[in-house]
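See structure below.
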Amino acid sequence: MLVKKLKCPTCGSNKVTEVKSGYVFCDYCAEFIGFDFVKMEDESKALFNMEYYIEHSKWPDETQQYLTVIQKMGEAIASKNKSEYIVNALSQMELQAKLMPGIFSPKMKVEAYRQKFFKYYEAFLNDRIDDNMFDEQQEFNSKLAPLTSKITMEQIDGVFLWKLDDVALEYFKAIFDYSKLLSEKTLNYPSVHLYPEPISNDSKELFIKQTMSAYCKTLSENDFMKLAKMFGLDNQYIEIPEVITKEISCGCCSSKIIIPEESKMTICETCGNKIDVSTNAISCQNCGSSFTASAGNASKCDYCGSRVQAL
């Protein structure tokens, strides 16, 4: 079968099962591989219910709350108000976790992981703002705005897509360059050590590649492959043999999980816990200890007492 090339930096295995969220984990050792920005985009779009908007002439209350926070973040950028921006950015993240859970790791359903993630995110915001984020963001937006207004659309098989002309190429180059800059910055911030998943130079490369992949839906297949070739990303799809899979039950919530036969560890997409395939033991995301739940009804870690059931 033909799949997106996602190779685990820990064990070297290729991703072979369906990607279900914006965070991708290895099918064989359950380590973090990277992000799927297409999944994230799909999840974000689901928040904006156009049928509801047309019928009521307004967005649902939760959507409007989210948009209000986004507006306040924009105002904070314009006024370069650091504290106001951080408060609203954290609120935005809380709302996203509630309204768009698919853009996050399934582990966000576990309290210990969630706390680590938000601790990292607040530290990252401080690092990012101190690194001239406000001026940098305004400069980037001012560069994209005139290009966005000149994008040409064409209808292909009943779908309106971008035409890959000089304007679109300039737009994509700006995105690519900015993604490269941000990935390099992020890896050098002190806050990176707080991130609850392993990060390496492989993560930087993956971030750039998958940022560009997020734009595949805006272009025809031929144009996207042309763009991928220009940025050296045209080898990102590989043919791998069919993989024999099996079904197991999660040791925490008893949900059914499809895994490759040779899998050793897996992530349950339902409750977010890391499961040892051979023993069905749960790996605590707070203290790292492994314990076996009774009858798939775990609630707390046997060793540190951290809650392991989904929030």
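Counting from 1, the numbers follow the sequence of the chain as shown.
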Is the shortest heavy-atom distance from the side chain of [X] to the side chain of [Y] under 4.5 Å?
X: Tyr171; Y: Ile175; answer: yes
X: Asp223; Y: Glu154; answer: yes
X: Tyr66; Y: Lys98; answer: no
X: Lys82; Y: Met133; answer: no
X: Glu94; Y: Phe118; answer: yes

Taking every non-hydrogen atom, the tightest pair across [X] and [Y]:
X: Glu136; Y: Asp131; value: OE1-O, 4.4 Å
X: Gln285; Y: Gly272; value: NE2-O, 2.9 Å
X: Gly251; Y: Ile282; value: O-CD1, 3.7 Å
X: Ser290; Y: Tyr303; value: O-CE1, 3.4 Å
X: Gln138; Y: Ile77; value: NE2-O, 3.4 Å
X: Ala168; Y: Asp165; value: N-OD1, 3.0 Å

Before accepting this row, confirm whether a basic side-chain N of the pair Glu269/Lys109 lies closer than 4.0 Å to the acidic partner's carboxylate O.
no
Going by distance alone, is a donor N or O of one side chain under 3.5 Å from an acceptor N or O of the other, for Glu84 and Asn88?
yes
Check: Ser306/Lys300 side-chain N/O donor and acceptor closer than 3.5 Å
no
[X]-[Y] co-clustered via ILVMFWY side chain contacts under 4.5 Å:
X: Leu164; Y: Leu161; result: no
X: Ile248; Y: Met265; result: no
X: Val277; Y: Ile258; result: no
X: Met100; Y: Tyr113; result: yes
X: Phe224; Y: Ile151; result: yes

Would you confirm whether [X], through its side chain, and [Y], through its main-chain N or O, come within 3.5 Å as a donor-acceptor pair?
X: Asp127; Y: Ser191; answer: yes
X: Ser263; Y: Pro260; answer: no
X: Ser183; Y: Lys180; answer: yes

Do the rings of Trp162 and Phe172 sit parallel, tilted or perpendicular, given the 30° and 60° boundaries?
tilted
Heavy atoms from other residues, nucleotides or ligands near [atom1] of [X] exceed 12 (cutoff 6.0 Å):
X: Glu75; atom1: CD; answer: yes
X: Glu262; atom1: CD; answer: no
X: Glu197; atom1: CD; answer: yes
X: Lys72; atom1: NZ; answer: no
X: Asn132; atom1: CG; answer: yes

Between Met230 and Leu169, is a side chain to side chain contact (heavy atoms under 4.5 Å, CB included) present by the stated rule, with each step listed?
CA-CA 10 Å; Met230 291 176 191; Leu169 286 173; 3.4 Å; yes
Quick one: [atom1] on [X] to [atom2] on [Y], what's the gap to the nearest 0.5 Å?
X: Gln92; Y: Thr68; atom1: CD; atom2: OG1; answer: 12.5 Å
X: Leu125; Y: Asp130; atom1: CG; atom2: CG; answer: 10.5 Å
X: Asn286; Y: Gln115; atom1: CG; atom2: CD; answer: 7.5 Å
X: Phe124; Y: Ile129; atom1: CZ; atom2: CD1; answer: 9.5 Å
X: Glu247; Y: Ile259; atom1: CD; atom2: CD1; answer: 10.0 Å
X: Ser179; Y: Glu184; atom1: OG; atom2: CD; answer: 11.0 Å

Quick one: do Val308 and Phe291 satisfy side chain to side chain contact (heavy atoms under 4.5 Å, CB included)? Show the steps, please.
CA-CA 11 Å; Val308 295; Phe291 65 97; 4.2 Å; yes
Only one of Ile257, Thr270, Ile267 forms a side-chain contact (heavy atoms from CB on, under 4.5 Å) with Cys250, so which one is it?
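Running side-chain contact (heavy atoms from CB on, under 4.5 Å) over Ile257, Thr270, Ile267 with Cys250 returns exactly one hit, Ile257.
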Any pair with a residue in residues 81-102 that passes ring pair (Phe, Tyr, Trp, His ring centres under 6.0 Å), sequence neighbours left out, goes on the list, sorted by first then second residue, please.
Tyr85-Phe134
Would you be so kind as to tabulate the donor-acceptor pairs closer than 3.5 Å made by side chains of residues 23-32, with sequence neighbours excluded?
{"from": "Tyr23", "atom 1": "OH", "to": "Tyr195", "atom 2": "OH", "distance (Å)": "3.1"}
{"from": "Asp27", "atom 1": "OD1", "to": "Lys15", "atom 2": "NZ", "distance (Å)": "2.9"}
{"from": "Asp27", "atom 1": "OD1", "to": "Thr17", "atom 2": "OG1", "distance (Å)": "2.5"}
{"from": "Asp27", "atom 1": "OD2", "to": "Val16", "atom 2": "N", "distance (Å)": "2.7"}
{"from": "Asp27", "atom 1": "OD2", "to": "Thr17", "atom 2": "N", "distance (Å)": "2.9"}
{"from": "Asp27", "atom 1": "OD2", "to": "Thr17", "atom 2": "OG1", "distance (Å)": "3.3"}
{"from": "Glu31", "atom 1": "OE2", "to": "Lys274", "atom 2": "NZ", "distance (Å)": "2.9"}

For residues 46-60, please give each side-chain donor-acceptor pair under 3.5 Å, one per line with the distance, not counting sequence neighbours.
{"from": "Asn49", "atom 1": "OD1", "to": "Glu51", "atom 2": "N", "distance (Å)": "3.1"}
{"from": "Asn49", "atom 1": "OD1", "to": "Tyr52", "atom 2": "N", "distance (Å)": "3.0"}
{"from": "His56", "atom 1": "ND1", "to": "Tyr52", "atom 2": "O", "distance (Å)": "3.0"}

Given the rule in the salt bridge (charged side-chain N to carboxylate O under 4.0 Å, His left out) test, do Lys143 and Glu170 qualify, once you have shown the distances and angles that lead to the verdict?
CA-CA 10 Å; Lys143 181 185 294 185; Glu170 189 176 350; over 6 Å; no
Side chain to side chain contact (heavy atoms under 4.5 Å, CB included) between Cys268 and Cys252: does it pass, once the steps are laid out?
CA-CA 9 Å; Cys268 176; Cys252 181; over 6 Å; no
